[in-house]
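Since the structure comes first, as structure tokens, the remarks are kept for the end.
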Number of protein chains: 2
Amino acid sequence: MSKAATTRTMILTKSFELIYKQGYQTTSIDNILATTQVTKGAFFYHFKNKDEMGLAMINEVIFPGMYASLVKPLLDAKSPINDIYEMMRNVLLKVPFLRAKYGCPAVNLIEEMSPLNEDFKQALVKLTDQWQAAIKESINQGKATKEIRGDVNAEYVACFVVAGYSGIRNMGKAMGSSCYPIYLQELKNYLKQLG
Amino acid sequence: MSKAATTRTMILTKSFELIYKQGYQTTSIDNILATTQVTKGAFFYHFKNKDEMGLAMINEVIFPGMYASLVKPLLDAKSPINDIYEMMRNVLLKVPFLRAKYGCPAVNLIEEMSPLNEDFKQALVKLTDQWQAAIKESINQGKATKEIRGDVNAEYVACFVVAGYSGIRNMGKAMGSSCYPIYLQELKNYLKQLG
DNA sequence: TTGTGTACATACTAATCAGTATAAAAAATG
DNA sequence: CATTTTTTATACTGATTAGTATGTACACAA
């Protein structure tokens, strides 16, 4: 990787860490520069403005990271009830970087930036859409193998599960991680009853 | 109401509207002053600083408003399955001030301010706790009347329902209100199977 | 009338914000 | 090597931020 590309990547990853913990608007460019040792000239050489950097961060850091945790585990689904539960359990309990106190980077950004920046919103909707589609497809495969009841609406289940995840991430920020296992147990009950 | 009390109330209600749409940190004191016609002297006479105003807004505007919509309808519960569903339907579809694009004021503040301000967090946890307790109590009453299965864990259900609400409010900010009816339908399915 | 606290008004400050101007260093290319 | 392009560095700007300093208008009591 060239030195310039290293600089760009460092800006994006460090910005991601700061924004994850502080929020997008609270994280100033000067704040990013101070923690990266990158100068202002370098920052504005690589990004036209703060929002362009933020969009690049969503597309190049958040999207790939969340895709790997949320969508990929469902693509070679064998048993949707188990696969969806395990995917959720892994995201909530096994991804070391994500802390209950700070929630989920994608959920945070939807919350903070959806009403304020159309480009951010689009990029985050794309992630949500793909996650929902993967859950829906997984459920539909389960219906084909009769693991899931025929009267279950896959799209509704996908929406319900995604909402549950966003919500428990929100709750976790206020109540701490102790609500995660409770949520997971009831998610398991909900999923079981689909079969 | 004395003139001074009117000024204070106006600051709180207008701040609430602005913060609901823009977020807490993005809403500057000058922004509040411009829309209320209140002067800076009056603002800092009534509140020591911005955070004290924000805390008063949570306790005196958000808490009573959300309590009336979320908790009160469950206190004289008759049929938990129906009552919880109707409470949720009313909050999502029938409270005219709340717009999908801007989400829920309480959820927004948990998301934005929980990691940054311990007092805000405590005040918002109080609301969440009371809502969860009301749902739990409602479910337990349903177990007593045999409307709800005996093996259902009321606390887990309460956590699951609250997470679902926070989550669908988050999703609605990105996807629009079209996800509300879908969520409600699947919530109904989930609640039914508790019986 | 004269004092005293309440409620508000105005002008200011120091810090921070995103972004720019201008240059120099570094790297690639001839 | 010489030149051109890429990349980084420094110093600045005007706007905006939360908060302060200092004042005044007014009610009400002695």
Side-chain angles (χ1 to χ4, degrees), chain A residues 1-58 60 108-109 112-113 115-121 123, chain B residues 1-58 60 108-109 112-113 115-120:
Chain A
M1 187 153 59
S2 72
K3 181 142 180 288
T6 306
T7 302
R8 201 189 119 97
T9 300
M10 177 154 66
I11 292 172
L12 289 179
T13 50
K14 271 287 174 194
S15 296
F16 167 70
E17 289 172 27
L18 290 172
I19 289 167
Y20 172 50
K21 292 181 183 171
Q22 302 176 341
Y24 178 78
Q25 322 212 45
T26 318
T27 303
S28 70
I29 294 174
D30 286 343
N31 187 348
I32 294 165
L33 302 181
T35 63
T36 51
Q37 311 280 36
V38 168
T39 63
K40 197 157 269 198
F43 183 96
F44 281 98
Y45 171 75
H46 287 286
F47 306 102
K48 204 171 77 208
N49 51 44
K50 188 188 175 187
D51 280 2
E52 208 187 60
M53 184 282 294
L55 194 58
M57 181 203 67
I58 294 174
E60 298 170 38
N108 293 355
L109 275 174
E112 181 183 5
M113 297 305 291
L116 303 177
N117 185 310
E118 185 66 27
D119 290 333
F120 282 27
K121 183 165 105 174
Chain B
M1 187 152 61
S2 73
K3 181 143 179 289
T6 305
T7 302
R8 201 188 119 97
T9 301
M10 176 154 68
I11 291 171
L12 289 179
T13 49
K14 270 289 173 193
S15 295
F16 167 69
E17 291 173 27
L18 290 171
I19 289 167
Y20 173 47
K21 293 181 183 172
Q22 302 175 340
Y24 177 79
Q25 322 211 45
T26 318
T27 302
S28 71
I29 294 175
D30 286 342
N31 187 349
I32 294 165
L33 302 181
T35 64
T36 51
Q37 312 277 37
V38 167
T39 63
K40 196 158 269 196
F43 183 96
F44 281 99
Y45 171 75
H46 287 285
F47 305 102
K48 204 171 77 209
N49 51 41
K50 188 188 175 187
D51 280 2
E52 209 187 58
M53 185 282 295
L55 194 58
M57 181 202 68
I58 293 173
E60 299 171 37
N108 292 355
L109 275 174
E112 181 183 4
M113 298 305 293
L116 303 177
N117 185 310
E118 185 66 27
D119 290 332
F120 282 26

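Chain identifiers are assigned alphabetically (A, B, ...) following the order of the sequence lines, protein sequences preceding nucleic acid strands; residue numbering begins at 1 within each chain.
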Does the pair A:F47 and A:L12 meet the rule for a side chain to side chain contact (heavy atoms under 4.5 Å, CB included), with working shown?
CA-CA 10 Å; A:F47 306 102; A:L12 289 179; 3.7 Å; yes

Determine whether A:M113 and A:I19 satisfy the following criterion, side chain to side chain contact (heavy atoms under 4.5 Å, CB included), listing intermediate values before the conclusion.
CA-CA 12 Å; A:M113 297 305 291; A:I19 289 167; over 6 Å; no

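When the nucleotides C:dA18, C:dA7, D:dT8 are ranked by their closest atom to the side chain of A:A42, D:dT8 comes out on top. Proximity note for A:Y45 (side chain, C-beta onward) versus D:dT8, C:dG19, D:dG19: the nearest is D:dT8. Closest approach to the A:K40 side chain among C:dA18, D:dT6, D:dT20 is made by C:dA18 (side chain taken as heavy atoms from C-beta onward). Side chain of A:I29, nearest nucleotide from C:dA18, D:dA18, C:dC8: C:dA18.
Side-chain N/O atoms of B:S28 include one lying less than 4.0 angstrom from OP1 or OP2 on D:dT17. At least one side-chain nitrogen or oxygen of B:T7 sits closer than 4.0 Å to the OP1 or OP2 atom of C:dC8. Phosphate contact (OP1/OP2 of D:dT6, side-chain N/O of A:H46, threshold under 4.0 Å): absent.
Taking atom NZ of residue A:K50 and atom P of nucleotide C:dT20, one finds them 15 Å apart after rounding to whole Å. Remark: C1' of D:dT17 and CD1 of B:I32 are 12 Å apart, rounded to the nearest angstrom. Distance, B:F43 CZ to C:dA11 P: 20 Å, rounded to whole Å. If you take CD of A:E52 and C1' of C:dA18, they are 14 Å apart, rounded to a whole angstrom. In this entry the distance linking CZ of A:F47 with C1' of C:dT20 reads 18 Å, nearest Å. Between A:N31 atom CG and C:dA15 atom C1' there is a gap of 14 Å when expressed in whole angstrom units. In this structure, A:L33 atom CG and D:dA11 atom C1' are separated by 14 Å, rounded to whole Å. Per the geometry, OH belonging to B:Y24 stands 9 Å off P belonging to D:dA18, to the nearest Å.
Between the side chain of B:K50 and the main chain of B:Y24, a donor-acceptor pair closer than 3.5 Å is present.
Rounded to the nearest 0.5 angstrom, A:E112 CD and A:N117 CG are separated by 10.5 Å.
Residue A:T39 is classed as a base contact, given a heavy-atom separation below 4.0 Å to a base. B:D30 comes within 4.0 angstrom of a base, heavy atoms only.
Mapping B:Q37 and A:Q25 onto DNA chain C by nearest heavy atom places B:Q37 closer to the 5' end of the strand.
Ring pair B:Y20/B:F16 is parallel by interplanar angle, where below 30° counts as parallel and above 60° as perpendicular.
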